[in-house]
Chemist: 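Before I ask anything, let me first share the structure, which is written out below as structure tokens.
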Number of protein chains: 2
Amino acid sequence: MNKNDVSTKTALLEAAVKVFAAKGFSSATVREICQLANANVAAVNYHFGGKDALYSAVLEHVIGRRTELFRTGDRDPDASPEQRLEAYIRRKLRDIYALDGVTGLASDHWAIFLMEVANPSENLNLLVEQYVQAAVDELRGIVAELLNLPPMDQEVQDSALSIWGQLLDPLVMMPITDRLTPPRARVQEDLDRFAEHMVTFTLGGLLAIRDS
Amino acid sequence: MNKNDVSTKTALLEAAVKVFAAKGFSSATVREICQLANANVAAVNYHFGGKDALYSAVLEHVIGRRTELFRTGDRDPDASPEQRLEAYIRRKLRDIYALDGVTGLASDHWAIFLMEVANPSENLNLLVEQYVQAAVDELRGIVAELLNLPPMDQEVQDSALSIWGQLLDPLVMMPITDRLTPPRARVQEDLDRFAEHMVTFTLGGLLAIRDS
DNA sequence: TCCTGTTTCAAACGCCCGTTTTAAACGATT
DNA sequence: AATCGTTTAAAACGGGCGTTTGAAACAGGA
């Protein structure tokens, strides 16, 4: 295993992230990926074993990165549930929309996630197990405390879902909001303002649910 | 143009809706579509001019159906903004999640919409112009009234977006919620309860926004 | 019945895809 | 320098795809 070895392999992986994010699995071609990675067409099969295996590797890689960033967010278990909800929302919004040029663009990662949800493959199980489940459980705990209900209550699940909807919506709807008149400003460009909006809206909504 | 003529053409269209909804544009094959429609492989090119044109026809067809159903919903301009918001939410939830076996399954239509958003083609413009724009404008009007703000205010746009997020979230997240432990009950099976939840949550959220 | 335009059909075409092959280039070890 | 496992490279293979072809089947009017 020489120096160039890992270099081409990771180059392939990073190129694959970009191409898969841009075109989706079936429209992406290994030829384009290899070209972007300055590698030979045979490189994908040599290093990963095939296009499917490369895609799985990409998903594993992306899930790992996202999980890592999500875990490292600091939590204060002594804070009030309101404060923890606000922290959760801000952390997750940053996770989704912050433009971190360091470890590969997050937008590519989320584009892949979105296409995986719109057109699931068997790899979606991994995404849910390793990333979504923990994030949802945490949110459910906070919401349950706020509503003073058991975490498995139907109302808690619906509320958690309502919150996730708002978190993901700017991502999902971006192609649409870009085409609306007037086009909506992208969340990325005013993350704090949107976070503030979401927190007030959500807390108000939860209050109304609790009182109903 | 004989009797069988329109028959094969519409059969192709309906088959295409199903196959495109299940596999996405690039993974769907005209051979599979033709087989499902009991037609020859050449039929697609003869009746539509090619796979791309068939997909455009499918999207036009689906957009037309959805727009039609959305328009026919009765509105009461004299009702309070709260009532109109509730009516809007219920109407849209029904549009998305109701299982109408009559005019082709709505779920197929929304699966196509979702894939179009996750992986936009040039046809997305049509979808936004003919379907989304009007629906969003209407919602913006209601929200503006509730918040006592001009319809183009940033806060109004964000709130409308929050509402759309909740409307679409069960659809978008279905592949995920199905894989969660415990899996969430599908909205389709308890539409009224979820509608009620959404209305209280949303009104509470809007109230909090107005008072902030 | 013959003619004419329309629709179906089986077969084939050409292209691009993922993958395989085979050999050359390379790096490290002795 | 010789050897050996590892990595690259060019070329080709086989298959599936969208599409085309050309003739047969059909329907309706003269």
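No experiment lies behind these values; they were computed from the predicted model shown.
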Chemist: For B/Gln35 and D/dC17, what is the distance between atoms CD and P respectively, to the nearest whole Å?
Modeler: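 To the nearest whole Å, that distance equals 11 Å.
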Chemist: Given atom CD of B/Glu32 and atom P of D/dC17, what is their separation to the nearest angstrom?
Modeler: 9 Å
Chemist: Using atom types as modelled, flag every donor-acceptor pair under 3.5 Å from a side chain in residues 30-38 of chain B to any protein atom, sequence neighbours excluded.
Modeler:
unit_1, atom_1, unit_2, atom_2, d
B/Glu32, OE1, B/Lys23, NZ, 2.8
B/Glu32, OE2, B/Lys23, NZ, 3.1

Chemist: Can you measure A/Asn45 atom CG to C/dT22 atom C1' for me and round it to whole angstrom units?
Modeler: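 The distance from CG of A/Asn45 to C1' of C/dT22 comes to 15 Å, rounded to the nearest Å.
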Chemist: By a strict heavy-atom criterion of less than 4.0 Å, which residues belonging to residues 21-28 of chain B are in contact with DNA chain D?
Modeler: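 The answer is B/Ala28.
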Chemist: Determine whether a donor-acceptor pair (N or O, by modelled atom type, separation under 3.5 Å) exists between the side chain of A/Tyr88 and the backbone of A/Arg75.
Modeler: no
Chemist: Just jot down the side-chain hydrogen bond (donor to acceptor under 3.5 Å, both in side chains) partners of B/Ser26, sequence neighbours excluded, or say none.
Modeler: A/Ser26, A/Ser27
Chemist: Is there a donor on the side chain of B/Arg31 or the base of D/dG18 sitting less than 3.5 Å from an acceptor on the other?
Modeler: yes
Chemist: With sequence neighbours left out, what residues match A/Tyr97 under ring pair (Phe, Tyr, Trp, His ring centres under 6.0 Å)?
Modeler: none
Chemist: From the list C/dT19, C/dT7, D/dG18, which nucleotide is the closest neighbour of the side chain of B/Val30?
Modeler: D/dG18
Chemist: Expressed in angstrom and rounded to an integer, what is the separation of A/Ile33 atom CD1 from C/dC17 atom C1'?
Modeler: 12 Å
Chemist: Side chain of A/Tyr46 only, heavy atoms from C-beta on: which candidate in C/dA12, C/dG18, D/dT8 is closest?
Modeler: D/dT8
Chemist: Can you check the A/Phe20 CZ to C/dG18 C1' distance for me, whole Å?
Modeler: 12 Å
Chemist: Could you note down all residue pairs passing salt bridge (charged side-chain N to carboxylate O under 4.0 Å, His left out) where residues 170-182 of chain A supplies at least one of them, sequence neighbours left out?
Modeler: A/Asp178-A/Arg186
Chemist: OP1, OP2 of C/dT8 versus side-chain N and O of B/His47: anything below 4.0 Å?
Modeler: yes
Chemist: Hey, does the side chain of B/Thr29 come within less than 4.0 Å of D/dG16's phosphate (OP1/OP2), counting only N and O?
Modeler: no
Chemist: Tabulate atom names and distances for all N/O pairs under 3.5 angstrom spanning the protein and nucleotides 9-11 of chain C.
Modeler:
unit_1, atom_1, unit_2, atom_2, d
C/dA10, N7, B/Asn40, ND2, 3.3

Chemist: On the nucleotide D/dT8, are OP1 or OP2 found under 4.0 Å from the side-chain N or O atoms that A/Thr8 carries?
Modeler: yes
Chemist: Please identify each residue that fulfils side-chain hydrogen bond (donor to acceptor under 3.5 Å, both in side chains) with B/Thr200, with sequence neighbours left out.
Modeler: none
Chemist: Pairs in or reaching into residues 110-131 of chain A: which pass salt bridge (charged side-chain N to carboxylate O under 4.0 Å, His left out), with residues at least two apart or in two chains?
Modeler: none
Chemist: Kindly write out the residues that satisfy side-chain hydrogen bond (donor to acceptor under 3.5 Å, both in side chains) with A/Asn40, not counting sequence neighbours, or none if the list is empty.
Modeler: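 For A/Asn40, no residue satisfies side-chain hydrogen bond (donor to acceptor under 3.5 Å, both in side chains) once neighbours in sequence are set aside.
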Chemist: Quick one: do A/Lys18 and A/Asp108 make a salt bridge, cutoff under 4.0 Å?
Modeler: no
Chemist: Whole angstroms only, please: what is the NZ-P distance between A/Lys51 and C/dG18?
Modeler: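 From A/Lys51 NZ to C/dG18 P: 4 Å.
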Chemist: Find the distance B/Lys9:NZ to C/dT6:C1' and express it as a whole number of Å.
Modeler: 13 Å
